[in-house]
Number of protein chains: 2
Amino acid sequence: MSAEALQTALAKLRDAGVRMTPQRHAILSYLLKTMSHPTVDEIYKSLEEKFPNMSVATIYNNLRVFKDVGLVRELTYGDASSRYDANMNEHYHAVCTNCGAVKDFYYPSLAQVEKEAAKATGFEVSSHRLEVYGLCEDCRIKQ
Amino acid sequence: MSAEALQTALAKLRDAGVRMTPQRHAILSYLLKTMSHPTVDEIYKSLEEKFPNMSVATIYNNLRVFKDVGLVRELTYGDASSRYDANMNEHYHAVCTNCGAVKDFYYPSLAQVEKEAAKATGFEVSSHRLEVYGLCEDCRIKQ
DNA sequence: CTACTTGCAAACTTTTTGCTTGCGA
DNA sequence: TCGCAAGCAAAAAGTTTGCAAGTAG
């Protein structure tokens, strides 16, 4: 499944006229492979063995490219750095308030919320974000 | 209502053993008065007439105090600075993707989501956050 | 009185930018 | 070849910290 997802993603980039490079390929495939919604720093550390000279700017640049093409979503949390999620199916996140881990979960779509919110606020609503916060299994055990 | 809310808040701070200062009072009452979920910079600009020497550090310090005592909530969004919300009733936010404005809306509690998420992820869930994104009325007209 | 607050500036973190060199198509 | 991409370092932007001086209780 991951292999197919990579092919689809590569096709999407090609169609958008985005040039492929080893670094770009590595970042993308790492994102698709992991389920951990890594930060820029985690990506950087994971790939520095293969690309000792790669700079963080390259990672940021590529993440923006992926975001523009619609291959990844940026998750932002107050204190910490952004995390990047290459799972583009509609889903939600459970965020650990202790260690920052992010885990996906699925739930029936909340389209009705968007409608209600639009009515209540006068906004033209186009998307929504739902997250639950708490302790992940690891942190629960350790505490 | 705002006046009572201020009294309640002051009492809460007193009970927590927090000393009152003119700056602290001004920041708190500004937060309770406004509905606009201001950023630190907005608070700073609003109060610089009354407190020409007040530094942003003072605002950050006080916001942390208020947060610790449970008087305000910090809202964080990727690109921009944090916003601070002194409405502690359970409610949700509509965020303008163009100008960053944040408007409250109410919706039946999503307690069920927390349960489902806990079951699906193994997290011990303690809270959730729901936001809708789109264009606010002003930005809709201008575009 | 004295511990908590303020004000100020410097430090820190994360992300962006400018510019030169390199490389994919 | 030609322009996009990478690497690097410096700059932004937001937030935090350390310390001296002031003040609430």
Side-chain angles (χ1 to χ4, degrees), chain A residues 10-31 37-69 71-84 100 102, chain B residues 10-30 37-45 47-69 71-84 100 102:
Chain A
L10 291 172
K12 209 160 177 177
L13 286 171
R14 209 180 310 121
D15 292 352
V18 174
R19 181 180 297 176
M20 191 45 51
T21 68
Q23 291 90 336
R24 181 161 288 171
H25 191 281
I27 295 167
L28 180 60
S29 89
Y30 178 71
L31 276 171
H37 313 79
T39 61
V40 166
D41 202 56
E42 284 162 14
I43 299 171
Y44 182 69
K45 287 191 166 54
S46 303
L47 300 181
E48 74 178 346
E49 217 177 313
K50 204 187 285 183
F51 299 95
N53 299 322
M54 185 164 64
S55 80
V56 286
T58 297
I59 300 176
Y60 278 105
N61 286 338
N62 279 295
L63 289 171
R64 186 184 316 171
V65 169
F66 299 157
K67 218 167 48 161
D68 290 347
V69 176
L71 286 174
V72 308
R73 205 170 281 151
E74 184 178 357
L75 312 176
T76 60
Y77 302 102
D79 41 331
S81 0
S82 291
R83 294 177 165 274
Y84 294 85
V102 176
Chain B
L10 291 173
K12 209 161 179 177
L13 286 171
R14 209 179 311 123
D15 292 352
V18 174
R19 183 179 297 179
M20 191 47 51
T21 67
Q23 292 89 336
R24 183 162 287 170
H25 190 282
I27 296 167
L28 179 60
S29 90
Y30 179 72
H37 313 78
T39 60
V40 166
D41 202 55
E42 283 160 13
I43 300 171
Y44 181 71
K45 286 192 168 55
L47 300 182
E48 75 178 346
E49 218 177 310
K50 206 186 284 183
F51 298 95
N53 299 322
M54 187 165 63
S55 81
V56 287
T58 297
I59 300 176
Y60 279 106
N61 285 341
N62 279 294
L63 290 170
R64 186 185 315 172
V65 170
F66 299 159
K67 221 169 43 164
D68 289 347
V69 177
L71 286 174
V72 308
R73 205 170 280 150
E74 184 177 357
L75 313 175
T76 59
Y77 304 104
D79 41 333
S81 0
S82 291
R83 293 177 167 272
Y84 294 85
V102 176

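All chains are named by letter (A, B, ...) in the order of the sequence lines, taking the proteins before the strands, and each is independently numbered beginning at 1.
Between A/Tyr84 and A/Leu75 there is no side-chain heavy-atom pair separated by less than 4.5 Å. With a 4.5 Å cut-off on side-chain heavy atoms, A/Leu31 and A/Leu71 do not count as touching. Counting only heavy atoms from C-beta outward, the side chains of B/His25 and B/Leu10 approach each other to under 4.5 Å. The side-chain heavy atoms of A/Arg24 and A/Thr58, taken from C-beta on, include no pair separated by under 4.5 Å.
Residues A/Ser82 and A/Glu74 come closest through the heavy atom pair OG-OE2, 2.8 Å. The heavy-atom pair separating B/Val102 from B/His37 by the smallest distance is O-ND1, 3.3 Å.
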Contact letters for nucleotides 18-25 of chain C, in which S counts primed atoms plus P, OP1 and OP2 and B counts the base, heavy atoms under 4.0 Å: ------BS

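Using a 4.0 Å heavy-atom distance criterion, B/Arg64 is classed as a sugar-phosphate-only contact.
Along DNA chain D, the nucleotide closest to B/Glu74 and the one closest to A/Pro52 are compared, and the more 5′ of them pairs with A/Pro52.
Whole-Å rounding puts the B/Tyr77 OH to C/dT15 P distance at 18 Å. Between B/Arg24 atom CZ and C/dG7 atom C1' there is a gap of 14 Å when expressed in whole angstrom units. Separating the CD1 atom of A/Ile59 from the P atom of C/dT15 is a distance of 11 Å, rounded to the nearest angstrom. Between the NZ atom of B/Lys50 and the P atom of C/dT6 there is a distance of 15 Å, given to the nearest Å. Rounded to whole Å, the distance from OH on B/Tyr60 to P on C/dC8 is 17 Å. For B/Leu13 and C/dT5, the CG to P distance is 10 Å, given to the nearest whole Å. Distance B/Gln23 CD to C/dC4 P: 18 Å, rounded to the nearest Å.
Within residues 39-49 of chain A, no residue has any heavy atom under 4.0 Å from DNA chain C.
A distance of 9.0 Å separates OG of A/Ser46 from CG of A/Asp41, quoted to the nearest 0.5 Å. Atom CD1 of residue A/Ile27 and atom CG of residue A/Asn62 lie 4.0 Å apart, to the nearest 0.5 angstrom. Rounding to the nearest 0.5 angstrom, the gap separating the OG1 atom in A/Thr21 from the CE atom in A/Met54 is 9.5 Å. Of the inter-residue distances, the one linking B/Leu47 atom CG with B/Ser29 atom OG reads 8.0 Å to the nearest 0.5 angstrom. With rounding to the nearest 0.5 angstrom, the CG atom of B/Asn61 is 6.5 Å from the CZ atom of B/Arg64. Annotation: the span from B/Gln23 atom CD to B/Lys50 atom NZ amounts to 11.0 Å, rounded to 0.5 Å.
Note on the helix from C/dC1-D/dG25 to C/dA25-D/dT1: terminal axis deviation equals 40°, with five pairs used at each end and the result rounded to 10°.
Every residue two or more places apart in sequence or in another chain that forms a side-chain contact (heavy atoms from CB on, under 4.5 Å) with A/Glu48 is listed here: A/Tyr44. Take A/Ala57 and apply the side-chain contact (heavy atoms from CB on, under 4.5 Å) test, not counting sequence neighbours, and it matches A/Ser55.
Bracketed by its first and final contacts, the part of DNA chain D lying under 4.0 Å from non-hydrogen atoms of chain B reaches from D/dG14 to D/dG25 in 5' to 3' order.
Look at B/Ser55 and you won't find any side-chain N or O under 4.0 angstrom from OP1 or OP2 of C/dA9.
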